[in-house]
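Report on the structure given below.
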Amino acid sequence: MPNKIKVNLNSSHFQELDSFIDGLETTEGELISILHKAQSIFGYLPKEVQIHIAKRVNVPVSRVYGVVSFYSYFTMKPKGKYHISVCTGTACFVRGADAVLRDFEEELEIKSGETTKDGLFSLDSLRCVGACALAPVVLINEDVYGKEDAKKVKEIIQKYMKINSEG
Amino acid sequence: MVKLTINGRQIEAKEKTTVLEVTKELGINIPTLCHDDRLSKETSCRLCVVEVNGGEKLLTSCNLEVAEGMAIETHSDKVIEARKHNLSLLWGPHPNECVVCEKSGECKLEEYNYEYDIDVEPIFDAHKRNQPKNESNHFFEIDPRKCILCGKCIRMCDEQMQVGALGYVNRGNETFVTFANEDFDEANCVSCGNCVSVCPTGALMPKSKSKYRNWNTTRTKTTCPYCGVGCQMELVVTNGEVVRVEPVVDAVNNGLLCVKGKFAFNFINHPNRLKTPLIKRNGVFEEATWDEAYSLIKDKVDLIKKDYPNSFAGLSSARCTNEENYLFQKMMRAVFGTNNVDHCARLCHASTVAGLGSTLGSGAMTNSISEVLDHDVIFIAGSNTTSTHPVIGSFMKQAQARGAKVIVAEPREIELAENADVFIQIQPGSNVALFKGMMHYIYKNDLQDEEFIRLRTEGFEEFIKSIEDFTTEEAAQICGCKKEDIEKAAEIYAKGKRAGIYYSMGVTQHSQGTNGVKSVANLAMLCGHVGKESSGINPLRGQNNVQGACDLGALPNNFTGYQKVFDDLARAKFESAWGVKLDSQVGLTVPKIIDGMVNDEIKFLYIMGENPMISDPDINHVKHGLESVDFLVVQDIFLTETAEFADVVLPASSYAEKTGTFTNTERKIQLVNKVIEPTGNSKPDWIILKELMTELGYPQAYSSPSDIMDEIASLTPIYGGVNYDRVSKSGLQWPCFDESHPGTKYLHKDKFSRGKGLFTPVEYISPMEVADDEYPITLTTGRTLYHYHTATMTNKTEGINKIVPENFFEISKETAKKYNLINGAKTYVSSRRGTTIAVVKVVDTIKDDVIFMPFHFANGANVLTNTALDQFCDIPELKVCAVKFDDKL
């Protein structure tokens with residue numbers, strides 16, 4: 001059985017974030033880098049973390065929420081162990097990215113922006129990773145799949161399920 | 001000045017003004033959706049574009065400054081074409097449902113679409129924002145589909161309110177406006193509704209229970225009936241029902257309102273309003289006619305007067321108009337022959353009237369509300385301003401955003417403390433020690449204003465001896481804070497150029513209240529921070545008209561305008577004007593009147609618009625008094641907890657049903673306009689008083705409140721130049737001695753009202769009841785943002801009751817743990833005087849072993865509070881008493 005992703009909002013994570021913020025010369029203009037750090041610590045940016053950051057940086061929570069929702073990189077939901085990003089930029093779109101995304105949705109039984117119940121996969125789309133020559137492009141964590149490989153949705157999923165079960 | 005041409009017309013305009021401002025003055029109507037004079041310029045709607053010097057590119061007039069030789073066309077074909085195009089872009093994503101939209105008739109988008117003949121069928125197949133309504137707020141909702149992303153709501157919330165609850169989320173076509181995490185509470189929204197007031201479309205709308213069309217409504221300007229800020233607003237009325245409140249952009253509130261002013265108007269048309277006089281027979285109220293009620297009162301008065309001529313007393317009302325307060329004290333003095341007339345100012349700023357009266361000569365705010373914005377230092381002591389005077393609280397935050405330093409001294413970490421430069425979390429009742437410690441530091445470090453002290457004050461030598469040895473260590477120990485914080489606060493305050501002190505009940509409601517106020521006066525005079533623009537001493541008055549009720553003589557020692565009843569000249573003037581002999585003895589104060597009822601010395605009490613069964617200390621004592629008194633008349637708009645004890649209840653009309661004036665905390669007399677007809681058989685208080693005085697054999701012939709004001713002006717020097725013609729324009733600040741006097745923006749310029757400012761030595765004395773082994777917890781009381789005082793008016797609004805439904809108290813995590821109290825559970829809280837039940841609310845903003853309980857609820861905080869009095873002015877020590885917890889009785 002795959003391990004369920006645990007929501008890690010323990011105080012040591014907040015301490016780690018705070019020491020990062022304390023180490024900054026100023027918090028002015030540093031909201032995005034703080035959010036980056038926070039997401040790397042917590043895995044995502046739940047509202048508790050946003051409220052904490054807003055207090056530390058002394059901006060309204062609404063501003064933090066605005067920035068988090070603006071950038072597709074930031075997520076307010078915990079991501080899966082394997083995070084699938086389907087590029088839907090212009091080149092990828094022309095080469096059938098929408099069908100690739102749809103296939104992933106059907107195969108995983110989740111919508112873009114969601115995480116599977118077992119916490120193994122999460123899915124979203126992003127706009128242009130700068131590898132248009134490989135279009136359509138799919139990113140899974142650090143792995144890149146392009147052209148015809150990207151369209152083999154079933155195979156890709158099975159590959160990661162196998163990696164996971166082998167530990 | 002620069003010369004330019006607008007639509008072919010040569011004009012001159014001031015430098016730095018914008019083309020939009022200039023055209024507005026010329027009466028040229030340029031459409032705008034994202035512009036508001038009070039907000040930063042977003043230039044996003046692009047409807048205000050104009051043609052400049054025939055250039056190719058159209059420029060937005062809202063941020064275009066006038067320049068020499070400029071030639072502007074505001075309505076050329078090219079401009080009109082561009083506006084049409086921009087409107088079409090905004091209309092594209094907007095749902096075509098104006099026929100069922102509540103905003104219709106007042107929607108700016110609808111108006112401009114009509115004016116510019118936009119095709120109803122969108123010319124662009126635009127992306128629609130399909131997010132559902134956000135209904136998390138109890139008073140208003142956000143419909144992203146109708147939003148045009150002008151950002152006015154966000155800028156209002158950020159810049160004017162300094163709250164930042166709203167923001168854009170997502171990007172591109174998906175962008176919409178919402179609260180952080182889609183929830184108003186998490187976004188720290190204060191529900192002021194100012195975002196709703198500036199929304200040009202139907203995107204932000206009040207959750208209205210009434211269905212009405214805007215073209216069937218009328219709007220009437222009036223003054224808010226809640227706190228002492230005196231916000232100007234318009235009541236929107238249809239079919240005799242108040243359906244909405246809109247702010248007025250005025251010098252007082254600059255178009256801002258708080259949740260109470262904007263949304264808590266349901267009480268006006270509430271079914272529980274008193275509609276007919278009631279007479280208690282065999283313990284049960286029965287409906288009666290006005291004649292029956294008046295003649296019963298007359299019979300009782302005659303009967304009691306025969307045997308006990310000195311047993312009458314009356315409580316006037318800080319909720320009623322100036323004219324009504326004047327008539328009430330006139331009735332008490334001229335008809336009942338007594339100076340036993342007082343009102344709830346006794347419970348709030350009696351110490352201010354006494355403390356500032358004796359040191360400066362006038363017990364009122366020295367500055368005006370608009371001066372808040374120009375302070376460079378704001379020192380807030382004993383005032384939770386953002387809750388109790390929300391609009392002034394917003395101005396303080398705006399001043400802070402402009403660079404003003406903020407010092408807060410409070411037992412709780414209030415909203416303004418969060419970003420304060422110095423926050424001193426003082427032990428309740430330690431103000432005098434704090435002020436003395438600050439003055440000691442200022443004097444020892446030579447930060448005082450020598451010239452001001454020499455030229456403007458007296459008593460300095462004697463005073464300085466009282467602080468010379470009072471070190472900051474000693475002060476810090478009493479206040480329970482760090483001495484460095486006291487020193488830092490002293491340093492910042494003394495070095496300010498335009499420093500203002502703002503204080504309220506936290507300073508005044510103590511057995512040492514008058515001394516607290518005198519200390520404030522000492523501190524301000526020591527630094528020369530009074531008698532100047534944006535520099536002064538500012539007691540924030542509580543009710544809408546508590547300033548006016550004091551001004552108009554609803555006090556046992558004063559006629560109108562603080563003329564003393566024991567001053568032979570003043571008394572002679574009133575005797576001659578009123579045609580009766582008047583008593584020269586100072587009358588009884590509120591606490592002494594209640595004692596008098598218990599002791600059977602007071603046999604007849606007349607209460608107009610007060611609710612001592614909730615507002616006064618030691619409710620069991622009040623109850624005993626009301627039960628003991630022979631005859632009780634209560635005149636109110638609802639059957640209050642106090643009215644239940646009455647022998648006769650007289651139904652009064654609300655502020656929306658009568659004309660009059662209120663005097664706000666900055667001494668500004670402002671008009672209250674009749675908006676609807678009186679409910680049922682209720683009558684405006686002034687008419688009831690006039691008729692009753694006539695019934696009692698003292699005929700009064702005023703035809704309108706304006707007549708009463710003319711009489712007030714003739715007898716009251718500080719109101720000498722006040723009349724309805726002048727007040728109706730934009731209010732008038734006293735002192736205003738005659739009809740050519742412009743009124744007074746700030747007090748004590750060049751000279752104090754009493755001549756020289758008087759330094760007064762003050763000793764620190766601890767509160768009368770402090771925590772001990774048996775009652776180990778210190779209770780302090782106050783208000784919340786949502787309810788007003790005894791909640792009679794606010795608890796008629798559903799949203800308010802959802803946010804603050806019942807009695808509660810705030811307690812620290814540690815103290816809750818120590819007494820096994822669970823957040824959200826109920827517990828009994830007892831003092832030596834009684835017991836109440838309240839919900840535990842664990843917070844991280846209060847000291848250990850201190851709790852805060854609001855006094856809004858029946859059988860609540862004031863069951864516990866202490867009746868210990870200030871020796872100078874009889875203000876009870878409502879702010880400090882000792883309590884304990886019990887899990888059962």
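Reminder, nothing fancy here: chain letters follow the sequence lines and each chain counts from 1. Keep in mind that the numbers below use all heavy atoms, side chains included, and drop hydrogens, waters and symmetry copies.
- The most heavy-atom pairs under 4.5 Å with chain A, out of B:Ala165, B:Ala187, B:Cys157, come from B:Ala165.
- The number of heavy atoms from other shown groups lying within 6.0 Å of CE (A:Met161) does not exceed 12.
- Shown here is A:Phe93, whose CZ atom has no more than 12 heavy atoms of other residues, nucleotides or ligands within 6.0 Å.
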Using atom types as modelled and no hydrogens or angles, find all donor-acceptor pairs between chain A and chain B shorter than 3.5 Å.
from: A:Lys47; atom 1: NZ; to: B:Glu186; atom 2: OE2; distance (Å): 2.7
from: A:Ser62; atom 1: OG; to: B:Gly164; atom 2: O; distance (Å): 2.4
from: A:Ser62; atom 1: OG; to: B:Leu166; atom 2: O; distance (Å): 3.3
from: A:Arg63; atom 1: NH2; to: B:Asp158; atom 2: OD1; distance (Å): 2.9
from: A:Arg63; atom 1: NH2; to: B:Asp158; atom 2: OD2; distance (Å): 2.3
from: A:Tyr65; atom 1: OH; to: B:Glu182; atom 2: OE2; distance (Å): 2.5
from: A:Ser69; atom 1: OG; to: B:Asn170; atom 2: N; distance (Å): 2.7
from: A:Phe70; atom 1: O; to: B:Arg171; atom 2: NE; distance (Å): 2.5

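- Annotation for B:Ile822: atom CD1 does not count as buried by contact number, only 12 or fewer foreign heavy atoms lying within 6.0 Å.
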